[in-house]
Amino acid sequence: MSEEKKTPEEEVEVVNEEADVDTEAKITEAEEPKTEADQISELETKVAEAEDRYLRAEAEMRNMQSRYAKEQTQAVKFANQKLAASVLPAVDNLERALQVEVEDGAAKQIKDGVEMVYKTLISALEEHDVKAVGETGEAFDPNFHQAIQSVPADDDHPADTIATVLQKGYVLADRVIRPAMVAVYN
């Protein structure tokens, strides 16, 4: 048996014929009609996938709405934080002014005026849920207080309590605007 030698043109024709046979086989496979059960199964799968996508999209929308509502609530709740933080130095200065002892009548009138301004300002802050934190004798809480000094504890003053408030701290709702600077018994 001798093998015939083919010319390059003949080899191309053989390859083309084989490709045509493969293409025809693929077309025939694709054109085979699916059974009704296969079609139903395929459609049920597509419906299940679509329903799953719908439920996921709906859940995502609900999550976005609740997240947006929570952010809105937080924004409203803490809208006054910057204003309160910028007013606190004025409150501190008014408190220092009220600590000065005065004796003559004119100075007492000025001090009374300063006290009225101070009370009005504190009232306005409290009205907007801004409250002072840090009182002498209170338990030290690092969430609301910043220890600047430590003082030796004794029988009358237990450890981890505030000895002296050097600067009042303030909170807005449950958020610290400024921690109280305190001396703590150790």
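All values derive from a computational prediction rather than experimental measurement.
- Thr45 contributes a side-chain N or O that, together with a main-chain N or O of Ser41, makes up a donor-acceptor pair within less than 3.5 Å.
- Shown here is Gln72, whose CD atom has more than 12 heavy atoms of other residues, nucleotides or ligands within 6.0 Å.
- Heavy-atom contacts from other residues, nucleotides or ligands closer than 6.0 Å to CD of Glu58 number more than 12.
- Atom-to-atom distance recorded for His157:NE2 and Thr136:OG1 is 9.0 Å, nearest 0.5 angstrom.
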Check the pair Lys131 / Asp129 against side chain to side chain contact (heavy atoms under 4.5 Å, CB included), numbers first and verdict last.
CA-CA 6 Å; Lys131 294 181 176 75; Asp129 209 17; 2.7 Å; yes
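- Lys111 and Glu115 are not joined by a salt bridge, as no carboxylate oxygen comes within less than 4.0 angstrom of a charged side-chain nitrogen.
- No single ILVMFWY cluster, assembled from side-chain heavy atoms under 4.5 Å apart, contains both Leu125 and Val171.
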Start with the C-alpha gap between Val114 and Leu98, add the side-chain angles, then the distance that decides, and say whether side chain to side chain contact (heavy atoms under 4.5 Å, CB included) holds.
CA-CA 7 Å; Val114 169; Leu98 292 172; 3.9 Å; yes
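- Considering only heavy atoms from C-beta on, Val130 comes within 4.5 Å of Ile177 through its side chain.
- In this structure, Ser66 and Asn63 approach most closely via the heavy-atom pair OG-O, 3.0 Å.
- Between atom CD of residue Glu71 and atom CE of residue Met64 there is a gap of 10.5 Å, rounded to the nearest 0.5 Å.
- Counted within 6.0 Å of CD on Gln74, heavy atoms from surrounding residues, nucleotides or ligands total more than 12; the atom is thus considered enclosed.
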Checking side chain to side chain contact (heavy atoms under 4.5 Å, CB included) for the pair Phe144/Val176: CA distance, chi angles, key distance, verdict?
CA-CA 7 Å; Phe144 298 105; Val176 176; 3.6 Å; yes
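- No side-chain heavy atom of Asp38 sits less than 4.5 Å from a side-chain heavy atom of Glu42.
- Panel note: side chain His145, backbone Asp141; a donor-acceptor pair is recorded below 3.5 Å.
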Full working for salt bridge (charged side-chain N to carboxylate O under 4.0 Å, His left out) between Arg56 and Asp52
CA-CA 6 Å; Arg56 288 179 188 273; Asp52 183 56; 3.0 Å; yes
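- A distance of 14.5 Å separates OG1 in Thr164 from CE in Met181, rounded to the nearest 0.5 Å.
- A continuous path of Ile, Leu, Val, Met, Phe, Trp and Tyr side chains, each step under 4.5 Å between heavy atoms, connects Ile122 with Leu172, placing both in one hydrophobic cluster.
- Between Gly134 and Ala180 the shortest heavy-atom distance is CA-CB, 4.1 Å.
- Taken to the nearest 0.5 Å, the CG atom of Asp160 stands 8.0 Å off from the CZ atom of Phe140.
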Run the side chain to side chain contact (heavy atoms under 4.5 Å, CB included) check on Ile110 and Val102 step by step: do they pass?
CA-CA 10 Å; Ile110 292 173; Val102 294; over 6 Å; no
Side-chain donor-acceptor distances from residues 75-95 under 3.5 Å, at least two apart:
residue	atom	partner	partner atom	Å
Asn80	ND2	His128	ND1	3.4
Gln81	OE1	Arg175	NH1	2.9
Ser86	OG	Lys82	O	3.2
Ser86	OG	Leu83	O	2.8
Asp92	OD1	Arg178	NH2	3.1
Asp92	OD2	Gln167	NE2	3.1
Asp92	OD2	Arg178	NH1	2.7
Asp92	OD2	Arg178	NH2	3.2
Asn93	OD1	Arg96	NH1	2.6
Asn93	ND2	Pro89	O	3.3
Glu95	OE2	Tyr118	OH	2.8
Glu95	OE2	Lys168	NZ	3.2

